[in-house]
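Reviewing the structure listed below.
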Amino acid sequence: MSESNSVGIVKAQVAHFTQPLTLKSGAVLPQYHLTYETYGELNAAKTNAVLICHALSGNHHVAGRYTPEDKYPGWWDNLIGPGKPLDTNKFFVIGLNNLGGCHGSSGPSSVNPLTDRPYSATFPVVTVEDWVESQARLLDYLGIEQLAAVIGGSLGGMQALQWNIAYPERVRHAFVIASAPNLTAQNMAFNEVARQAIITDPEFFEGDYYNHGTVPRRGLRIARMLGHITYLSDDVMGEKFGRKLRHGDVKYSFDVEFEMESYLRYQGDKFAGEFDANTYLRMTRALDYFDPALEYEGDLSMALSRAKAKFVVISFTTDWRFSPARSREIVKALLDNALPVKYAEVTSAHGHDAFLMPDPYYHDIMRAYLEQIKV
Amino acid sequence: MMNANITNIRPDFALITNWIGNKAKVLDLGCGDGTLLTHLHETLEITGYGIEKDDSNWLAALKNGVDVIQMNLEEGLSGFEDQSFDTVILSQTLQAMHNTESIVHEMLRVGREVIVTFPNFGYWRNRIQITFGTMPVSKSLPYQWYDTPNVHLCTINDFDKFCAQHQVEVIERKVITDGQDVHVLPNLMGNLAMYRLRKQPT
């Protein structure tokens with residue numbers, strides 16, 4: 001495999017914060033740490049920083065590999081690297097694991113320094129607003145006053161939006177990709193089923209499974225299987241699996257009969273082996289709670305009235321979990337505020353997952369726009 | 001305000017410039033690669049948005065620095081508030097619209113003024129081709145009958161009547177052929193029709 005435009009071998013770093021963080025819920029984190037990675041060089045004027053906000057199951061490992069033997073690179077490696085659409089020869093790219101995560105930042109599975117035990121269920125519920133606050137502190141720590149761009153897809157797009165509400169003066173360009181200004185009831189319903197699968201797993205122990213030596217694997221697996229169905233389009237599932245049988249003919253059993261089942265079980269098992277259930281609960285809740293228009297009687301335009309950035313909003317035609325119609329609501333609010341905005345509706349068969357794929361038109365858009373940004 | 005650098009742009013773009021105020025807020029429907037908006041921005045310091053459905057045009061507009069929204073005009077302008085633009089432009093696209101009536105109404109809803117331009121089907125060269133028994137094919141109608149995107153061609157007389165019937169006030173009308181104004185028998189001698197419109201006061 002050619003690695004000529006990879007960021008290469010990368011290393012995660014940890015930033016510790018001792019200034020207490022008051023969360024939206026009112027809970028206070030007296031101290032916390034954030035795990036992050038950076039690619040490219042911060043320029044002398046510190047004007048070329050780009051923050052990548054991750055989605056539900058993402059983390060700080062956005063690009064590159066830890067060792068040459070790593071099977072997979074970071075989760076958005078197809079976008080980021082020297083000569084790639086988000087060119088690390090030009091930009092200094094920051095990826096972090098959000099608070100409440102399970103890949104190195106303070107979260108339910110990390111050790112609470114006050115008790116020397118995992119936070120477990122005592123780790124508070126975090127929101128998109130809290131994440132942006134903690135991200136702003138990470139920028140302070142890195143000495144970056146203003147971002148050239150904040151980029152996020154899905155739940156990450158919500159953070160990109162929130163940056164423009166909380167810190168409009170700190171963002172020059174915002175990419176809100178495959179996202180929404182809040183979740184619909186149907187969308188929240190999927191999250192609730194996922195959470196119920198986890199919470200009712202007998203090995204969940206009200207979130208304290210670390211101290212019981214168990215993992216609510218079954219619940220997490222079902223949660224992920226459900227998620228996967230909603231991230232794909234009917235068409236792409238049909239194309240990928242159709243009604244193909246796993247063993248040539250039916251066995252009249254409840255074992256894996258269809259290829260699609262095999263795929264879902266594989267994805268579920270893989271995820272259950274590497275993700276933390278308590279983090280999953282918190283990530284889905286952050287999705288549910290995000291609704292910046294709420295305090296403006298549902299008026300998103302009012303919520304975004306302080307925004308100053310130039311926006312790029314992108315949706316994908318077959319994404320039914322974060323449909324183009326939801327992105328158009330964001331576009332409308334930006335238009336109402338006479339803000340510069342470019343909106344693309346990318347034709348793709350891949351449903352919500354499309355935002356992570358290297359669709360040529362999508363990546364041409366990213367490249368062309370990012371090339372125009374002056375740093 | 002006419003500008004020296006208009007010589008290289010389409011003659012209808014130059015004329016459109018005369019109908020738009022300094023620093024106006026402009027929406028260009030079917031903006032293509034954004035040439036008109038870029039020109040208006042350079043000459044009149046307008047702020048504007050373009051709407052474009054086609055991927056390659058959209059990308060070209062982005063590269064030209066235009067704020068471009070990818071959507072299908074046939075679905076209307078539901079993302080735009082009433083009277084939120086000074087001028088809404090539809091240049092040489094009306095004839096290719098399916099929902100012709102609704103887009104004109106939508107433009108008049110969103111814009112305080114509307115500019116519509118279209119190839120005049122009543123132009124004498126078109127009439128001659130019809131007289132000799134074939135569908136017109138020309139520089140302004142460069143398609144064969146079987147591959148044309150133009151589904152609602154009309155003449156200047158047709159459009160005048162349309163405006164009268166749909167409570168649309170014609171503020172100004174200009175008819176041109178090869179970049180020259182046409183004053184005599186416009187429906188016969190004019191190749192391109194340009195209208196500056198607004199909603200008739202009720």
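Chain letters run A, B, ... following the sequence lines, proteins first and then strands; every chain starts at 1.
Annotation: B:His41, atom NE2; neighbour count of heavy atoms from other residues, nucleotides and ligands within 6.0 Å does not exceed 12. Within a 6.0 Å radius of CD in A:Gln372, more than 12 heavy atoms belonging to other residues, nucleotides or ligands are found. Heavy-atom neighbours of B:Phe162 CZ from other residues, nucleotides or ligands within 6.0 Å: above the threshold of 12. Heavy-atom contacts from other residues, nucleotides or ligands closer than 6.0 Å to NZ of A:Lys310 number 12 or fewer. Annotation for B:Asp54: atom CG counts as buried by contact number, over 12 foreign heavy atoms lying within 6.0 Å. Atom CD of B:Glu74 is surrounded by more than 12 heavy atoms from other residues, nucleotides or ligands within 6.0 Å.
With a 4.5 angstrom heavy-atom cutoff, A:Ile314 does not touch chain B via any of its atoms. Using a 4.5 Å cut-off between heavy atoms, B:Lys53 makes no contact with chain A at all. If you measure heavy-atom distances from A:Glu345 to chain B, the contacts under 4.5 Å come from both the backbone and the side chain.
Taking a cutoff of 4.0 Å between a charged side-chain nitrogen and a carboxylate oxygen, B:Lys63 and A:Glu371 do not qualify as a salt bridge.
Between atom OG of residue B:Ser78 and atom CZ of residue A:Arg328 there is a gap of 7.0 Å, rounded to the nearest 0.5 Å.
Sorted by first and then second residue, the ring pair (Phe, Tyr, Trp, His ring centres under 6.0 Å) pairs involving residues 144-164 of chain A (not counting sequence neighbours) are A:Trp163-A:Tyr167.
Taking both residues in full, the closest heavy atoms of A:Lys342 and B:Val66 are given as CE-O, 3.1 Å, listed atom of the first, atom of the second, then distance. Minimum interatomic distance between B:Tyr49 and A:Pro340 (heavy atoms only, all atoms of both residues): OH-N, 4.2 Å. Nearest heavy-atom pair, A:Ala368 versus B:Leu62, reported as atom, atom and distance to 0.1 Å: CB-CD2, 3.3 Å. Heavy-atom minimum distance, B:Leu59 versus A:Tyr361: CB-CE1, 4.4 Å.
Counting heavy-atom pairs closer than 4.5 Å to chain B, the top-ranked of the candidates A:Asp336, A:Val346, A:Val313, A:Val331 is A:Asp336.
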(request) Walk me through it: do B:Asp67 and A:Tyr343 pass the test side chain to side chain contact (heavy atoms under 4.5 Å, CB included)? (result) CA-CA 8 Å; B:Asp67 280 320; A:Tyr343 170 63; over 6 Å; no

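Taking non-hydrogen atoms and a 4.5 Å limit, the residue list of residues 104-127 of chain B in contact with chain A is empty.
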